[in-house]
Every structure is written in C-alpha cells, then in structure tokens.
Amino acid sequence: MPEGHTVHRNANDFNRLFAGEAIIVDSPQGRFSSDAKLISNRVLVRARAIGKQLFLEFDNDLTLRIHLGIYGKWKLHSAEDWPEVVGEVRARFKSSKAIAELRGPTVCEVIDEREVAAVEKRLGPDPFNPDPRGKELERFAAKVAASRTSIGQLLMNQEVLSGIGNVYRAELLFRAGVDPHTPGNALPREVIENIWHDSVKLLKVGVKTSFMITRDDLFTKRPSKADRNWVYKREGQPCRVCSTNVSIEIMAGRKLYWCAGCQS
C-alpha cells in the first residue's frame, strides 16, 4: 500500500500537470462514469494530500477523493496520447500537458464541501503538511498519550497519524529505540515528540526522492532497496547496529519488524 510520501508526490504531479485547466474526465471501466460527469470539463483548482488521501478540488466546489488502498496506482502519459485502455481504468484525466490513468483504488468518489470536512475531521495529523504553530504535533501527542494501545498499533491508525504505513512504522520505532509493544500512555512526552519530528523528516525525504529511505547516511544517494532501511523486511538478519537478529511478528494483522536489542 502506498504510504503518505507517494500520495504527496501524486498531488504535486496533479498541480504541475493539471491545475488551472478544464480537465476531461472519463471512466473507461464504467464504475466512475456518473461521478466523472460531475467534474469533467471543470477547472482543477488544486490537488492536495492528507496522509494517504488525495483531494482534487474543482471550480464547482466539488472534490474528487481518492484512496489508492493496496492495489491502486497511477500511470501518466503524454498529452498527445489517448492510449488504448489496457486493464481496468477506473478514471482517466486529460489536460493540455498530460493524461493520468487510475486503476484499482479503494476509494474514488466525488464529494461536496461538507463531506470533505467530515473526512478531514476523522483523519489524524499529516507530518508532511505545514505545522508552524505546532497544533498538529499537539494533536498527535494528545492521541498517543491518552491511549493504552501499543505504539506499534497507534502509528498504523490513520486517525492518530496520517500517511504512516508498515515501512515508516517499523523504521520510526527503530530510530526512536522504542519497543513497539509499549503502550502510548507509557511513552515520555519527549519520545512522542521525537517520533513526530522524525516522521516529518522521513516523509520529506520520501517526497523528494520517491523512496522510503530511513538511514541518514543514504538520504542523498540512490541506495538499493535492500539497503534503504534499518529493519523493514530484514527478519532473521543481523541488526545493522547491534547484530541482534531482526524480529518479525504479526501485530493487528500486519507484519511488524523490530530489533529486540535496540528497542528494549
């Protein structure tokens, strides 16, 4: 499943290639045809992301909300092409600069301002979005400090922290030296703040590079997939820091990677 950095890159692509133009929208698959008619030939005002949710705002006060889920993906083409549809394309967008095809999203719906507000209300703070007054940090810290749920589960809850998935969850906790089984309300405030600030740092790297690189010495490089992270998908291999074999278990239905030596 794409994590928050990918969706922010999607928003950047739409702002660069589609914003300010009347966009042709259709649904070759047919499942999005009715909603497509509501926004086709309307001007895309802006695209923005909150966590794993993409919002495309049009000049008729309607918004297209997209959640890629596990199987969703985008494909971009040049504007000169109107490619023959291969596979099930849920929605297709055409501007003077590009064509974007959307396949397999969990959510693809046109909603009004009231419905947008309802979605935003249930989403947790997004580390990549500006937070000059620290309000989003406070929202995150309050949710964690008030919960007896393990921090490993809390970081996967989009109502607690938007945009964090399995990779960032494992890597944030390793970098913080935190046992993923620790209840949120047992974590010192300083640790909670450090996790927030580190998530801001890592998401910025992800948006810039398009990769989930979590080792500081590799931020400016293009490391192989096997070298990008500390513990993710390294079960049974020696920890890069203490040589303890990296552990794996299932937590709330998802694979959790962690080092018992560094995160005790």
Side-chain angles (χ1 to χ4, degrees), residues 1-8 10-11 47-57 63-72 105-109 111-173 175-176 178-189 191-204 206-207 212 232 250-258:
M1 178 184 294
E3 300 194 27
H5 73 294
T6 297
V7 184
H8 279 282
N10 296 153
R48 62 190 180 94
I50 302 177
K52 300 179 182 182
Q53 310 264 349
L54 177 66
F55 298 89
L56 304 181
E57 300 174 353
T63 296
L64 173 57
R65 178 173 79 98
I66 296 168
H67 189 310
L68 293 176
I70 296 176
Y71 303 109
T106 296
V107 176
C108 180
E109 62 175 359
I111 57 180
D112 60 26
E113 292 177 323
R114 177 184 56 81
E115 293 168 308
V116 170
V119 173
E120 290 184 355
K121 185 176 181 180
R122 70 172 183 259
L123 290 175
D126 181 335
F128 189 76
N129 287 328
D131 184 28
R133 298 184 179 180
K135 291 184 178 180
E136 297 296 78
L137 165 58
E138 289 301 324
R139 286 179 62 205
F140 170 67
K143 288 175 181 287
V144 172
S147 178
R148 288 182 288 183
T149 300
S150 71
I151 187 62
Q153 294 181 65
L154 289 173
L155 290 186
M156 294 289 283
N157 184 342
Q158 298 301 296
E159 295 183 5
V160 175
L161 189 61
S162 288
I164 299 303
N166 219 22
V167 180
Y168 282 130
R169 183 261 299 268
E171 296 299 304
L172 285 167
L173 292 176
R175 288 165 62 92
V178 172
D179 184 329
H181 307 92
T182 307
N185 62 3
L187 289 173
R189 169 72 185 216
V191 171
I192 297 173
E193 289 188 5
N194 286 343
I195 291 174
W196 168 263
H197 291 305
D198 203 32
S199 68
V200 172
K201 178 179 179 179
L202 294 184
L203 278 173
K204 286 182 178 179
V207 172
M212 286 183 279
Y232 181 72
I250 302 299
M251 176 179 280
R254 300 296 301 275
K255 292 179 180 178
L256 169 69
Y257 305 86
W258 63 295

Given side chains that start at C-beta, do those of [X] and [Y] come closer than 4.5 Å, heavy atoms only?
X      : Y      : value
Pro125 : Leu137 : no
Lys204 : Val207 : no
Ile250 : Lys255 : yes
Arg122 : Val119 : yes
Leu68  : Asn10  : yes
Arg169 : Arg254 : yes

For residues [X] and [Y], report the shortest heavy-atom separation together with the two atoms involved.
X      : Y      : result
Leu123 : Ile50  : CD1-CG2, 3.7 Å
Pro2   : Gly69  : CD-O, 3.2 Å
Gly4   : Leu203 : C-CD2, 4.3 Å
Gly124 : Ser162 : O-OG, 2.7 Å
Ser150 : Pro180 : CB-O, 3.4 Å

Does the distance from a Lys or Arg side-chain N to an Asp or Glu carboxylate O, for Arg139 and Glu136, drop under 4.0 Å? yes
Measure from the side-chain N and O atoms of Thr63 to the backbone N and O of Glu57, and report whether any donor-acceptor pair falls under 3.5 Å. no
Is it the case that the side chain of Glu3 and the backbone of Asn166 share a donor-acceptor pair, with hydrogens and angles ignored and the cut-off at 3.5 Å? yes
Report the distance from atom [atom1] of [X] to atom [atom2] of [Y], rounding to the nearest 0.5 Å.
X      : Y      : atom1 : atom2 : answer
Lys52  : His67  : NZ    : NE2   : 6.0 Å
Thr182 : Leu154 : OG1   : CG    : 11.0 Å
Leu161 : Asp126 : CG    : CG    : 8.0 Å
Lys201 : Asn194 : NZ    : CG    : 11.0 Å
Ile111 : Arg65  : CD1   : CZ    : 5.5 Å
Ile66  : Leu56  : CD1   : CG    : 5.0 Å

How about CZ on Arg189, more than 12 heavy atoms from neighbouring residues, nucleotides or ligands closer than 6.0 Å, or not? yes
May I have all residue pairs that pass ring pair (Phe, Tyr, Trp, His ring centres under 6.0 Å) and include part of residues 132-172, sequence neighbours excluded? His5-Tyr168, Phe140-Trp196
Can you spot which of Asn157, Asn185, Ile192, Thr149 makes a side chain to side chain contact (heavy atoms under 4.5 Å, CB included) with Val144? Ile192
Quick one: list whatever passes ring pair (Phe, Tyr, Trp, His ring centres under 6.0 Å) with Tyr232, sequence neighbours left out. Tyr257
Could you please spell out the steps behind the side chain to side chain contact (heavy atoms under 4.5 Å, CB included) verdict for Ile195 and Leu155? CA-CA 10 Å; Ile195 291 174; Leu155 290 186; 4.2 Å; yes
